[in-house]
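No experiment lies behind these values; they were computed from the predicted model shown.
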Amino acid sequence: MSTRPQTFLTPQEYLEIERKAEFRSEYHAGEVFAMAGATRAHNLINTNAVAELRDQLRHSPCEVYSKDMRVYIPAADLYTYPDIVVVCEKPHFADEEFDTLLNPVLLGEVLSPSTEVYDRTDKFEMYQTIPSLNEYLVLAANRMHGDLFTRQPDGKWLLAPASRAEDFIEFSSIPCRLSLKDVYEKVEFGTEPPGMRRHSP
């Protein structure tokens, strides 16, 4: 999730600053975007999904990363931090720092009201230029719902939605299936978590 761009930099300048920064920022074609904070629901959904993927892929060649693995998309000149990153071949990195992945097979985003349109349109279009990418998962943060987009042999992307607790998200590029019930475990929509109170002004 990003806010308005702060400045213009070259990719080399961005990486030099980013690797020393306390907070993460994304980069697109010279513009740097500060990353916004995530809600409780966003964090729970992301953590649950990554935990399930990691557990199922534990004995496979695949590696699962969450939030802090930077991905570079050369065709779009984009450095970004997807919420979910999976790589199954030998990881390829942009340089010897080994912190900027080039060949994910699966990317995932947990949506928020401020980023949903971007994640579903412009960002998805940029993700599609990654040759290794086979699947893109988007998970809603304001309701139980997931959309899995899978690349077809003709280059088109097939949508498979899921919106019920008993539904599963079935992946074709990795030996995994996510239960929506597990992904949304402990997530409450439109209510405060138990034990939390609003402070009086």
Below 4.5 Å, heavy atoms only, C-beta onward: do R70 and T80 meet side chain to side chain?
no
So does D77 get a backbone contact from the side chain of H28, meaning a donor-acceptor N/O pair under 3.5 Å?
no
To the nearest 0.5 Å, tell me how far S66 OG sits from L53 CG.
10.0 Å
Taking every non-hydrogen atom, the tightest pair across L101 and P91
CD1-CB, 3.9 Å
Does I84 share a hydrophobic cluster with F168, counting links as ILVMFWY side-chain heavy atoms below 4.5 Å and allowing steps through other members?
no
Hey, what do you get for CD (Q128) to CZ (F149), rounding to the nearest 0.5 Å?
9.0 Å
Can you check whether M35's main-chain N or O pairs, donor with acceptor, with E26's side chain at less than 3.5 Å?
no
Contacts of R54 meeting side chain to side chain donor-acceptor pair (under 3.5 Å) (sequence neighbours excluded), chain-then-number -> none
Do F23 and I17 share a hydrophobic cluster (ILVMFWY, side-chain heavy atoms under 4.5 Å, transitive)?
no
Smallest separation among heavy atoms of N48 and E185, with atom names:
ND2-O, 3.1 Å
Applying the side chain to side chain contact (heavy atoms under 4.5 Å, CB included) test to C176, which of V64, V86, L57 qualifies?
L57
State whether the side chain of N103 and the backbone N or O of S132 hold a donor-acceptor pair below 3.5 Å, judged by distance alone.
no
Can you list the steps and then say if T100 with R19 is a side chain to side chain contact (heavy atoms under 4.5 Å, CB included)?
CA-CA 11 Å; T100 307; R19 285 166 173 160; 3.9 Å; yes
Note, L107 side chain near P82 side chain (heavy atom, < 4.5 Å):
yes
Would you name the heavy atoms of Y14 and V32 that are closest together and state the gap between them?
CD1-CG2, 4.2 Å
Is a side-chain N or O of D119 found less than 3.5 angstrom from the main chain of E109, in a donor-acceptor match?
no
So E135 and L148, do their side chains get closer than 4.5 Å, heavy atoms only?
yes
If you round to the nearest 0.5 Å, how far is CD of E18 from OG of S25?
5.0 Å
Interatomic distance, I73 atom CD1 to T129 atom OG1 [nearest 0.5 angstrom]:
5.5 Å
Polar side-chain atom of E52 near backbone of A49 as donor-acceptor pair, under 3.5 Å
no
Considering only NZ, NE, NH1 and NH2 on the basic side and carboxylate oxygens on the acidic side, decide whether K123 and E116 come within less than 4.0 Å.
no
Tell me whether V85 is reachable from F93 by hopping between hydrophobic residues (I, L, V, M, F, W, Y) whose side-chain heavy atoms are closer than 4.5 Å.
yes
For the OH atom of Y27 and the OH atom of Y79, what is their distance to the nearest 0.5 Å?
7.5 Å
Salt bridge flag under 4.0 Å for residues D83 and K67:
no
If you measure from CE on M126 to CG on L133, what distance do you get to the nearest 0.5 Å?
13.0 Å
For the hydrophobic clusters of this structure (ILVMFWY residues joined by side-chain heavy atoms under 4.5 Å, transitively), does one cluster hold both V117 and L159?
no
Looking at R177 and D55, is there a salt bridge between them, counting it only when a charged N and a carboxylate O are closer than 4.0 Å?
no
On a heavy-atom basis, which atom in K186 and which in L44 lie closest, and how many Å separate them?
O-CD1, 3.5 Å
Checking the side chain of N43 only, and the main-chain atoms of T39 only, is there a donor and an acceptor separated by less than 3.5 Å?
yes
Going by ring-ring contact (aromatic ring centres under 6.0 Å, His included), W157 matches just one of Y127, F124, Y136. Which one?
F124
Under 3.5 Å, which donor-acceptor pairs do the side chains of residues 138-145 form with other protein atoms, sequence neighbours left out?
unit_1	atom_1	unit_2	atom_2	d
H145	ND1	A162	O	3.4
H145	NE2	D147	OD1	2.9
H145	NE2	D147	OD2	3.4

Quick test of your reading: applying disulfide bond (SG atoms under 2.5 Å apart), list the pairs with at least one residue in residues 34-69, sequence neighbours left out, ordered by first then second residue.
C62-C88
Of all heavy-atom pairs between V71 and P104, which one has the smallest distance, and what is that distance?
CG1-CG, 4.3 Å
Do L178 and F171 pass the side chain to side chain contact (heavy atoms under 4.5 Å, CB included) test, and can you show the C-alpha distance, the side-chain angles, and the key distance before you say yes or no?
CA-CA 8 Å; L178 289 182; F171 299 96; 3.7 Å; yes
Around E89, counting heavy atoms of other residues, nucleotides and ligands shown, do more than 12 lie under 6.0 Å from its CD?
no
Counting N and O atoms only, with roles assigned by atom type, does the side chain of T115 sit under 3.5 Å from a partner on the main chain of Y118, one being a donor and the other an acceptor?
no
Quick one, Y184 and I45 - any side-chain contact, counting heavy atoms below 4.5 Å?
yes
Step-by-step side chain to side chain donor-acceptor pair (under 3.5 Å) determination, E63 to Y65:
CA-CA 7 Å; E63 298 178 4; Y65 307 108; 2.2 Å; yes
Take E31 and L9 through the side chain to side chain contact (heavy atoms under 4.5 Å, CB included) test and state the conclusion after the steps.
CA-CA 7 Å; E31 294 182 291; L9 298 172; over 6 Å; no
When you look at L106 and N134, which way does the side chain to side chain contact (heavy atoms under 4.5 Å, CB included) test go after all the steps?
CA-CA 6 Å; L106 166 70; N134 288 329; over 6 Å; no
